[in-house]
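In what follows, a structure is listed as structure tokens, so that the remarks can point back to it.
Lettering follows sequence order; numbering is per chain, from 1. No hydrogens, no waters, no symmetry mates; every other heavy atom, side chains included, goes into these values.
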Amino acid sequence: MSWTDERVELLKKMWGEGQSASQIAKELGGVTRNAVIGKVHRLGLSNRATGASPAKAEPKEKPAPAPKAEAKPKPAPKTEPARPAPAAEAKPAIPARRQIIPAGQPLPPQPSANEISPEALAKVNEIEKKAKKLTLMELTEKTCKWPVGDPATEDFWFCGLPVEAGKPYCEAHVGVAFQPMSSRRDRRR
DNA sequence: CCCTGATTCGC
DNA sequence: GCGAATCAGG
């Protein structure tokens with residue numbers, strides 16, 4: 001496979017979205033993640049900072065400063081082929097089915113019902129915006145299986161981000177899923 | 001072990 | 001320019 005304009009464009013798009021090189025490679029097909037990374041570098045867009053990561057300034061000697069004074073006209077040919085929908089679908093308010101669960105009432109006890117470090121929760125909310133939003137069938141051993149949303153509605157999906165090696169959830173969700181176990185020890189019954 | 005990106009270097 | 005091999009990390 002070669003780097004056609006379309007493929008490069010998809011590469012840029014996905015890289016910009018923060019997709020990993022391997023994911024991009026998978027999507028493109030015919031290339032390895034190494035190829036993707038190599039291309040990314042050649043394109044000079046290795047830095048994914050969107051303007052909020054001034055922290056890292058490698059003390060590496062850069063013989064070629066590469067000013068990057070690009071001023072591409074970009075006539076915008078936009079030959080968008082069949083691109084996978086962004087996933088933001090119109091959601092026809094659950095037809096043929098009244099809300100099984102009373103509005104505003106507690107959903108099935110999400111594991112986060114207890115006290116979890118506010119940090120962890122904040123982290124979750126943060127990453128859930130980047131979730132792949134997979135369906136049950138799309139889950140693999142390598143995708144986070146954390147459920148999000150209300151199973152009774154269309155607004156339900158699984159995180160799908162890369163799992164923490166071995167575990168069933170991504171880093172953020174591992175944080176709220178595995179608790180030191182403490183609260184409920186004396187459960188009289 | 002799984003994964004990530006970064007770099008090198010023969011092609 | 002390309003990307004496998006390798007490196008360096010999480």
Are any of [X]'s side-chain N or O atoms less than 4.0 Å away from OP1 or OP2 of [N]?
| X | N | result |
| --- | --- | --- |
| A:T32 | C:dG3 | no |
| A:W15 | B:dG5 | no |
| A:S22 | B:dC3 | no |

Looking only at side-chain atoms of [X], point me to the closest of [options].
| X | options | value |
| --- | --- | --- |
| A:K142 | B:dC3, B:dC1, B:dG5 | B:dC3 |
| A:S20 | B:dT7, B:dT4, C:dG3 | B:dT4 |
| A:H41 | B:dC2, B:dT7, C:dG3 | B:dT7 |

Separation of [N] [atom2] from [X] [atom1] (nearest whole Å):
| X | N | atom1 | atom2 | result |
| --- | --- | --- | --- | --- |
| A:K39 | B:dT7 | NZ | P | 17 Å |
| A:Q19 | B:dT4 | CD | C1' | 14 Å |
| A:E164 | B:dC3 | CD | P | 13 Å |
| A:E141 | B:dC1 | CD | P | 17 Å |
| A:L11 | C:dG1 | CG | C1' | 14 Å |
| A:M1 | C:dA4 | CE | P | 14 Å |

A:Q23, CD atom: more than 12 neighbouring heavy atoms under 6.0 Å: yes

Considering all heavy atoms, the nearest A:R33-A:A25 contact: N-CB, 3.6 Å

No-H, no-angle donor-acceptor pair, A:R42 side chain to C:dG3 base, under 3.5 Å: yes

4.5 Å side-chain heavy-atom contact, A:V8 and A:W3: yes

